[in-house]
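This report refers to the structure that appears directly beneath it.
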Amino acid sequence: MNLQQDLFKPLMAAYSRGEPLRNDQLYKSLSIDKVIPEGALLERVPTGKDRALHNPVTRKIRWAQHSLRALGLLEKVPGERGVWRSTAKARGELTPAPRRTVLLGFSTKLGLALWGDCADVFKGFNEPIHCCLTSPPYCIDRPRAYGGIAESLYVDFICRAMEPIVKNLVAGGTIALNITQDVFLKGLPARSLTPERVVIALHEKLGLYKVDSLVWSNASKAPGPIAWASKERVLLNTGYEPIYIFSNDPSRMFASNQRVLQPHTERHLKLIAKGGENRTGVYGDGANKIYPGSFGAPTEGRIPRNVLQFGGRCHSQTEVRRFAKEQGLPVHGATFPLALAKFLIEYLTRPGDTMVDNFAGWFTGPLAAELTGRRWLASERMLQYVEGARRRFMGFAGYSDAHLLPEWES
Ligand SMILES: C[S@@+](CC[C@H](N)C(=O)[O-])C[C@H]1O[C@@H](n2cnc3c(N)ncnc32)[C@H](O)[C@@H]1O
């Protein structure tokens, strides 16, 4: 029997509550749980060069403790002898960056991932930004693991977070802001107007123009709002989230639908091939007119509509989830599908432009930037998400990381 490895599970179980445990307490609890055979703690055998008498079981336990420490799962309580506890990583907890502390998580030739509060990362920032694609924490009743923002503070929170970015946004640059519409008035099947207030505040306080309100339609979205759709049955299930597009100068926007053209339908290709319509029609009280030859001009593709269909899950998310689980890191519960982020980045920026994400999560937006040759800078407040995300960037040119977690083994 390999007692040392067999000890990993019971040891982690003993420390699972996160409280420090003295070794004598640990031995006792392992005996009670029959992990250690009865009487084994009393045994003494000559060990090592000096043949001093030691207990072989407690020696194995201490070896197991050190192995678990090397894996970043256990740590010694500083200043105390023989007292250990599980690490935040082992408990799947999230470690927020202390205020005014910004550390490099990892970097590539194109970008920098920073562990820090966005207020600290972007304070004093002074580089041109072409686009910000971000999905801040929501103001929801039951916040995600990484927390939420009280509704009364939400508008100010968003304005403060966006201010340094807007200050550095080049003329015609854009901000793509994804916030939920599922915030309800207390006890009512009525949606809060906070998202609308955010839009108005970004216009009035930061001078941004609302260019579009894209509909991100997600057919795999979990059913909800449970209270009002499944239980009271007065509302429909939510099928989309808004992504607001803002610009500081819409007359100079360099967003281009030509970078995200979709293939024409067979029907449209046939129409082009025969030189377009051969009829005349007037629709919508004259707003739309069709003439012979309409829609006959060959074009490279179809201009996408502002309803974007992207399922919530994708291969890239599955991979990073697997990595996080293997490493004992918490799984992020609110990420973009990579294809959506890629679509937005390609639509809103040109190769070589700089995008930022101040609420980066698992860095899906920055990953899209990396894959499409844009420069990027992103901040995330929770250490474990930065650590999970870095796996997604390992193969890229110039990848380097700072191993933020203590005694991290990749
Ligand atoms: C909705 S998630 C973003 C997910 C991301 N779009 C993705 O696809 O991976 C919001 C993230 O903002 C982070 N966050 C919250 N407050 C923050 C702050 N003040 N500064 C930086 N990050 C913050 C949270 O920890 C969370 O990971």
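Residues take their numbers from the sequence shown, with the count starting at 1. Remember, it's 1-based here, ligands and their atoms both numbered in the order they're listed.
- At the shortest separation from atom 23 (C) of ligand 1 among protein heavy atoms lies Phe359 CD2, 3.4 Å.
- Between Phe393 and Phe106, the ring planes lie tilted relative to each other; the angle falls in the 30° to 60° range.
- Around atom 10 (C) of ligand 1, the closest heavy atom drawn from Gly361, Ser135, Ala368 belongs to Ser135.
- Geometrically, ligand 1 and Thr364 share a nitrogen or oxygen pair separated by less than 3.5 Å.
- Atom 11 (C) of ligand 1 has as its closest protein heavy atom Glu380 OE1, 3.6 Å.
- Closest to atom 20 (N) of ligand 1, if we only count protein heavy atoms, is Cys118 N, 2.9 Å.
- For Ala360, every heavy-atom contact with ligand 1 shorter than 4.0 Å involves the backbone, none the side chain.
- Using a 4.0 Å cut-off between heavy atoms, Asn358 contacts ligand 1 through its backbone alone, with no side-chain atom that close.
- Electrostatic pairing of Arg322 and Glu319 counts as a salt bridge here, judged by a charged N lying under 4.0 Å from a carboxylate O.
- Residue contact check for ligand 1: Pro137 places a non-hydrogen atom closer than 4.0 Å to it.
- Residue contacts with ligand 1 for Tyr385 involve side-chain atoms from C-beta outward but no N, CA, C or O (heavy atoms, distance under 4.0 Å).
- Here the shortest heavy-atom distance to atom 2 (S) of ligand 1, taken over Gln317, Arg99, His332, belongs to His332.
- For atom 4 (C) of ligand 1, the nearest non-hydrogen atom of the protein is Ala334 O, 3.1 Å.
- Under the 30°/60° scheme for interplanar angles, the aromatic rings of Phe254 and His130 are found to stand perpendicular.
- Between Phe122 and Phe125, the distance from one ring center to the other falls under 6.0 angstrom.
- Asn358 CG to Cys132 SG: the interatomic distance, rounded to the nearest 0.5 Å, is 4.5 Å.
- Classification of Glu241 and Lys221 as a salt-bridged pair holds, one side-chain N sitting under 4.0 Å from a carboxylate O.
- Scanning the protein for heavy atoms near atom 22 (N) of ligand 1, the closest one is Arg381 N, 3.2 Å.
- The closest approach between a heavy atom of Ala97 and any atom of ligand 1 is not below 4.0 Å.
- One finds no salt bridge joining Asp120 and Arg100 here, because no Lys/Arg side-chain nitrogen approaches an Asp/Glu carboxylate oxygen to under 4.0 Å.
- By the 3.5 Å distance cut-off applied to N or O atoms, Phe336 is counted among the residues near ligand 1.
- By the 4.0 Å N-to-carboxylate-O rule, Asp182 lies close enough to Arg191 to be salt-bridged with it.
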